Amino acid sequence: MPETHGETTEAAGGRRIAVLGEMLELGNEAVEAHRQVGRMAAENSVDLIVAVGNTLAKQLALAAGAAGVPDIAMVGDNGTAAAYLASILRPGDVVLVKASRGGQLWQIAQALTGQPVTGL
């Protein structure tokens, strides 16, 4: 029987995985905003964060780890993220994919669901 966590439902034993890319165009607030997202992931019992990107993604990942997210992966691009996820996903895992539109993270979801990968 599925367990309910907030507004999501996952199979018993499944992990909560957040694939998070950089939020663009935040100006001076960018670093702190990314750190806040990392902390929020911990508060929401995320089991694994896959941070996609560079400097800002690293800030998100560091804050998430410091706040208690048990597993963190840093990757530089969507292709690497999709390949990594394909190698570790198990039945029952729930995956959230989120970033600015410019990060094109929908490509990761497309790859994982067997759809053609599209650009802008």
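All of these numbers come straight from a predicted model, not from anything done at the bench.
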If two hydrophobic side chains count as joined below 4.5 Å and joins carry through other members, does [X] share a cluster with [Y]?
X: Met23; Y: Val31; value: no
X: Ile17; Y: Val75; value: yes
X: Val37; Y: Leu26; value: yes
X: Leu105; Y: Ile88; value: yes
X: Val50; Y: Leu112; value: yes

key: Partner residues of Thr113 under the side-chain hydrogen bond (donor to acceptor under 3.5 Å, both in side chains) criterion, sequence neighbours left out   = Gln115
What is the minimum heavy-atom distance between [X] and [Y], and which atoms define it?
X: Ala111; Y: Ala82; answer: CB-CB, 3.8 Å
X: Val69; Y: Gly38; answer: CG2-O, 4.4 Å
X: Ala42; Y: Ala64; answer: CB-O, 4.3 Å
X: Ala81; Y: Val52; answer: CB-CG2, 3.9 Å
X: Ala61; Y: Ala51; answer: CB-CB, 4.0 Å

message = Applying side chain to side chain contact (heavy atoms under 4.5 Å, CB included) to Met40 and Val46, what does each step give before you reach the verdict?
response = CA-CA 9 Å; Met40 288 175 60; Val46 170; over 6 Å; no
task = State plainly whether the residues Asp47 and Arg16 are in salt-bridge range, i.e. N to O under 4.0 Å.
result = no
Any sub-3.5 Å donor-acceptor pair from [X]'s side-chain atoms to [Y]'s backbone N or O?
X: Asn78; Y: Ile108; answer: no
X: Gln107; Y: Gly79; answer: no
X: Asp93; Y: Arg90; answer: yes

request  = Tell me, with the steps shown, if Trp106 and Thr118 meet side chain to side chain contact (heavy atoms under 4.5 Å, CB included).
outcome  = CA-CA 8 Å; Trp106 67 78; Thr118 59; 3.3 Å; yes
inquiry  = Are there over 12 heavy-atom neighbours, none belonging to Met74, within less than 6.0 Å of that residue's CE?
reply    = yes
What distance do [X] atom [atom1] and [Y] atom [atom2] have between them, rounded to the nearest 0.5 Å?
X: Leu85; Y: Leu48; atom1: CG; atom2: CG; value: 7.5 Å
X: Leu20; Y: Leu96; atom1: CG; atom2: CG; value: 6.0 Å
X: Ile72; Y: Ile49; atom1: CD1; atom2: CD1; value: 4.5 Å

task = Identify, with sequence neighbours excluded, every residue that meets salt bridge (Lys or Arg N to Asp or Glu O under 4.0 Å) alongside Glu32.
result = Arg39
note = For residues 17-30, the salt bridge (charged side-chain N to carboxylate O under 4.0 Å, His left out) pairs (sequence neighbours left out) are none
